[in-house]
Participant: 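Have a look at this one before I ask anything.
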Amino acid sequence: ARFWVSRSVFNKETQRYELLDVVGPDEYHLYVDNNFYTNALARWNIRQALATLDAMEESGSGDATLNGSLALTEHERDHWRDVADRMTMNTSTTTGVAEQFDGYFDLRDMPISKYDQNNMPVWPDGLDIRPLDRTQIIKQADVVMAMYLLDEQFDEATKRLNYEYYIQRTMHKSTLSASVYSVVALRLGDSAEAYDCFIRTAEADLVDSQGSTWEGPHIASAGGTWQAAVFGFAGMRVDADGVLSFSPRLPEKWKSMSLAVFWHGAALRVRISAGGVAVTRLEKSGESADATIPVRICGVVSEI
């Protein structure tokens, strides 16, 4: 948090803080100002630090030692709050779409309209790929990545506006991209698009859709595929009250799925089918052996 605050620059004209000359997730546009994803994550980090300090003070758990070792003062914490509250988050006043970075909406707009045999986007007609930073075409999820990670901070209408805008301009040339769009699409109720994006990420190496598997498997993409399946179709998440939750939405082509989760010292097996969700303990050893664990399944809490 201290780093992000030190990295922030106050703009006297707008009366807001900015993060300048940064590289966000999208690798087609480098060294930009006020990348939406970067600013959103920096703001989240600062607020989490402040919330942690508040919680430590309320519980009396080592806050004096921490404040002493970091030489934190109340004045500095007030400044952190000010930076977080006034962090620049650019959004179009007419469309409600978040601007990926300063000046992004001024770039040449060339929406994607064609897809290849692997259902991967095809470069728009007339695009010279050498000056990609002069267009709105992006390599991978960026604004949508922020809304994936910080889901609770954006309402459904905002997420839908941004999803629909940026998916038309994302080439998915990074294997880290389609899995993010898959989960967000499912959260918005578009199961068909979610499945298409899932297949894109799953086939990164299975059919070498990027043409680069010969260099080695895309391990992070495999992680994204797992996230799309588990956080997307299995609907696994940790609710605000700290309870592990499952609200599955299986693709039409799937009859069932199963996964293992290690949660609070217990190994759980989760089986999902048209008949419902079953969560069982694989073993009962260690500190959690004698304790039950609450699990929320489609809104109903059960003790496992």
Side-chain angles (χ1 to χ4, degrees), residues 1-59 63-64 66-107 133 136 138 140-166 169-170 180 184 187 238 240:
R2 179 173 275 168
F3 165 78
W4 284 121
V5 170
S6 73
R7 185 67 168 77
S8 303
V9 178
F10 186 65
N11 186 320
K12 293 182 179 179
E13 183 177 343
T14 63
Q15 292 292 297
R16 303 193 74 82
Y17 291 90
E18 302 182 318
L19 292 174
L20 309 179
D21 198 28
V22 302
V23 179
D26 170 28
E27 296 168 315
Y28 287 165
H29 301 87
L30 308 179
Y31 310 112
V32 299
D33 295 339
N34 293 315
N35 170 253
F36 187 89
Y37 170 93
T38 305
N39 288 26
L41 267 291
R43 181 178 64 178
W44 176 87
N45 175 269
I46 297 166
R47 287 176 172 168
Q48 284 295 110
L50 289 167
T52 302
L53 286 168
D54 289 343
M56 292 174 71
E57 289 183 348
E58 289 178 8
S59 65
D63 54 295
L66 182 61
N67 285 336
S69 63
L70 295 180
L72 280 169
T73 65
E74 192 60 39
H75 174 74
E76 183 177 13
R77 289 168 65 172
D78 288 342
H79 182 51
W80 288 12
R81 293 187 186 92
D82 188 48
V83 172
D85 291 344
R86 291 200 280 172
M87 181 67 71
T88 298
M89 303 296 299
N90 289 331
T91 299
S92 169
T93 56
T94 56
T95 66
V97 175
E99 187 172 35
Q100 186 172 299
F101 54 84
D102 287 356
Y104 174 81
F105 289 145
D106 297 328
L107 300 176
D133 60 348
Q136 290 189 28
I138 64 176
Q140 62 217 84
D142 198 299
V143 169
V144 174
M145 172 74 92
M147 296 184 179
Y148 165 59
L149 293 175
L150 304 176
D151 176 64
E152 71 285 350
Q153 293 189 16
F154 303 96
D155 60 38
E156 183 173 330
T158 298
K159 286 182 284 192
R160 186 176 301 281
L161 278 171
N162 284 275
Y163 178 91
E164 292 176 351
Y165 185 88
Y166 282 103
R169 292 155 180 84
T170 305
V180 173
V184 176
R187 289 173 179 171
V238 180

Participant: Heavy-atom distance under 4.5 Å between the side chains of R187 and Y163, does that happen here?
Facilitator: no

Participant: With sequence neighbours left out, write down each residue that passes side chain to side chain contact (heavy atoms under 4.5 Å, CB included) with T158, or none if nothing qualifies.
Facilitator: M147, F154, D155, N162

Participant: Residues two or more places apart in sequence or in another chain: which of them pass side-chain hydrogen bond (donor to acceptor under 3.5 Å, both in side chains) with D33?
Facilitator: none

Participant: Once side chain to side chain contact (heavy atoms under 4.5 Å, CB included) is applied, do any residues pair with L30, and if so which ones, sequence neighbours excluded?
Facilitator: V23

Participant: So which heavy atom on L19 is nearest to which on A42, and how close?
Facilitator: CD1-CB, 3.8 Å

Participant: May I have the step-by-step check of side-chain hydrogen bond (donor to acceptor under 3.5 Å, both in side chains) for Y165 and Q100, ending in yes or no?
Facilitator: CA-CA 11 Å; Y165 185 88; Q100 186 172 299; over 6 Å; no

Participant: Return the set of residues passing side chain to side chain contact (heavy atoms under 4.5 Å, CB included) with A84 (not counting sequence neighbours), or none when no residue passes.
Facilitator: R43, I46, R47

Participant: Can you name the salt bridge (charged side-chain N to carboxylate O under 4.0 Å, His left out) partners of E74, sequence neighbours left out?
Facilitator: R81

Participant: Tell me, do L72 and L53 make a side-chain contact under 4.5 Å, heavy atoms counted?
Facilitator: yes

Participant: Taking ring-ring contact (aromatic ring centres under 6.0 Å, His included) as the test, write out the residues that go with Y166, two or more places apart.
Facilitator: Y104

Participant: Quick check: closest heavy atoms across L150 and A40, and the distance to 0.1 Å?
Facilitator: CD1-O, 3.8 Å

Participant: If the condition is ring-ring contact (aromatic ring centres under 6.0 Å, His included), which residues does Y28 pass it with, not counting sequence neighbours?
Facilitator: none

Participant: Return the set of residues passing side-chain hydrogen bond (donor to acceptor under 3.5 Å, both in side chains) with Q48 (not counting sequence neighbours), or none when no residue passes.
Facilitator: none

Participant: Answer yes or no: is there a donor N or O on one side and an acceptor on the other, between the side chain of N34 and the main chain of E18, under 3.5 Å?
Facilitator: no

Participant: Examine R7 relative to F3 and say whether NZ or CZ is less than 6.0 Å from the centre of the six-membered ring and inside a 45° cone about the ring axis.
Facilitator: no

Participant: Who are the salt bridge (charged side-chain N to carboxylate O under 4.0 Å, His left out) partners of E76, not counting sequence neighbours?
Facilitator: R2

Participant: Between D54 and R77, is the closest basic N to carboxylate O distance under 4.0 Å?
Facilitator: yes

Participant: Run V144 and V180 through side chain to side chain contact (heavy atoms under 4.5 Å, CB included) and show every step you take.
Facilitator: CA-CA 7 Å; V144 174; V180 173; 4.2 Å; yes

Participant: Do you know which two heavy atoms are closest between A141 and P25, and how far apart they sit?
Facilitator: O-CB, 3.5 Å

Participant: Rounded to the nearest 0.5 Å, what's the gap from OH on Y37 to CG on D142? Could you check?
Facilitator: 8.5 Å

Participant: So, taking the atom named OG in S8 and the one named CG in L20, what distance separates them when rounded to the nearest 0.5 Å?
Facilitator: 9.0 Å

Participant: Before accepting this row, confirm whether a basic side-chain N of the pair K159/E152 lies closer than 4.0 Å to the acidic partner's carboxylate O.
Facilitator: no

Participant: Can you name the side-chain hydrogen bond (donor to acceptor under 3.5 Å, both in side chains) partners of T38, sequence neighbours left out?
Facilitator: N35

Participant: Show the numbers, then the answer: is there a side chain to side chain contact (heavy atoms under 4.5 Å, CB included) between D102 and N90?
Facilitator: CA-CA 8 Å; D102 287 356; N90 289 331; 2.5 Å; yes

Participant: Sequence neighbours left out, what passes salt bridge (charged side-chain N to carboxylate O under 4.0 Å, His left out) with E156? Give chain and number order.
Facilitator: R160

Participant: Are side-chain heavy atoms of N11 and R16 found at a separation under 4.5 Å?
Facilitator: no

Participant: To the nearest 0.5 angstrom, please state how far the CZ atom of F36 sits from the CE atom of M89.
Facilitator: 3.5 Å

Participant: Closest heavy-atom contact between A98 and F105?
Facilitator: O-CZ, 3.7 Å

Participant: Would D26 and H29 satisfy side-chain hydrogen bond (donor to acceptor under 3.5 Å, both in side chains), going step by step from the backbone distance to the final call?
Facilitator: CA-CA 6 Å; D26 170 28; H29 301 87; 2.5 Å; yes

Participant: Roughly how far, to the nearest 0.5 Å, is the CG atom of D133 from the CD atom of E27?
Facilitator: 13.5 Å

Participant: Taking side chain to side chain contact (heavy atoms under 4.5 Å, CB included) as the definition, give me every residue that meets it alongside F10, ordered by chain and number, with sequence neighbours left out.
Facilitator: K12, Q15, Y17, R86

